[in-house]
Amino acid sequence: MTINQPTIEERLSRLETLFVNVGEKVAEHDETIKQHDETIAQHDGNIDVLVANIQELKETVKNLTEETTRNINRLAEEAAQDRQQAALDRQEFRRQMEERQREIQQIWQYLRDRNGGSTPPQQ
């Protein structure tokens, strides 16, 4: 029994077909690689934008933190001044109250002396 062996022409034709198929696949892969390269380039651009946004946000947070610290320090200083002024105001109020009490006491003494010895009301 003889087996039909392909001729050289048939073998070359099959090889040519295989090379064409390989060439088409390589072209398809080249296109896919090109698309991936474009996608990577877009992602690189997006990453650069995100990095810039993060840096801008970092600077904004830093500025807000510094501003908040300044505001807190200013408010703490104002609160200390307000407490000090309140203490002075209370002291002045007490002084005025004592002065008014002395004046009232003098008036009662005057009226008592004038009216014959009645005593001032108890405090």
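Every heavy atom of this structure was used, including side-chain atoms; hydrogens, water molecules and symmetry mates were not.
Applying the salt bridge (Lys or Arg N to Asp or Glu O under 4.0 Å) test to Glu92 and every residue at least two apart in sequence or in another chain returns Arg95. Partners of Val22 under the side-chain contact (heavy atoms from CB on, under 4.5 Å) rule, at least two apart in sequence or in another chain, are Val26. For the side-chain contact (heavy atoms from CB on, under 4.5 Å) test, residues two or more places apart in sequence or in another chain that qualify with Glu103 are Glu99, Arg100. Taking Ile54 as the reference, nothing meets the side-chain contact (heavy atoms from CB on, under 4.5 Å) condition, with sequence neighbours excluded. In terms of the salt bridge (Lys or Arg N to Asp or Glu O under 4.0 Å) criterion, Glu10 has no residue partners (sequence neighbours excluded). Contacts of Glu24 classified as side-chain contact (heavy atoms from CB on, under 4.5 Å), with partners at least two apart in sequence or in another chain: Val20, Asn21. The side chain to side chain donor-acceptor pair (under 3.5 Å) test applied to Asp82 returns no partner, not counting sequence neighbours.
A distance of 11.5 Å separates CG in Leu88 from CD in Gln81, rounded to the nearest 0.5 Å. To the nearest 0.5 Å, atom CD of residue Gln55 and atom CG of residue Leu50 are 11.5 Å apart. Remark: Thr39 OG1 to Asn46 CG distance equals 10.5 Å, nearest 0.5 Å. Distance check, rounded to the nearest 0.5 Å: CD of Gln101 to CD of Gln96 gives 12.5 Å.
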| Would Arg14 and Thr17 satisfy side chain to side chain contact (heavy atoms under 4.5 Å, CB included), going step by step from the backbone distance to the final call? | CA-CA 5 Å; Arg14 276 194 233 150; Thr17 303; 5.6 Å; no

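Hydrophobic clustering, defined by side-chain heavy atoms of Ile, Leu, Val, Met, Phe, Trp and Tyr closer than 4.5 Å, groups Phe93 together with Met97. In the hydrophobic clustering (ILVMFWY side chains linked at under 4.5 Å, chained through shared members), Val51 is joined by Ile47.
Donor-acceptor pairing under 3.5 Å is lacking for the side chains of Gln109 and Asp113.
Counting non-hydrogen atoms of neighbouring residues, nucleotides and ligands closer than 6.0 angstrom, the CD atom of Gln85 exceeds 12 such neighbours. Atom CD1 of Ile8 has 12 or fewer neighbouring heavy atoms from other residues, nucleotides or ligands inside a 6.0 Å radius.
Judged as a salt bridge (Lys or Arg N to Asp or Glu O under 4.0 Å), the pairs with a partner in residues 27-39 (not counting sequence neighbours) are, in order, Lys25-Glu28. Within the structure, the salt bridge (Lys or Arg N to Asp or Glu O under 4.0 Å) test picks out no pair touching residues 41-61 (sequence neighbours left out).
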Donor-acceptor contacts, no H, no angles, side chain residues 65-79, under 3.5 Å, sequence neighbours left out:
residue, atom, partner, partner atom, Å
Thr65, OG1, Val61, O, 2.7
Thr68, OG1, Leu64, O, 2.7
Thr69, OG1, Thr65, O, 2.9
Asn71, ND2, Glu67, O, 3.4
Asn73, ND2, Thr69, O, 3.3
Arg74, NH1, Glu78, OE2, 3.1

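Within the 4.5 Å cutoff, the side chain of Tyr110 has no heavy atoms near those of the Gln106 side chain.
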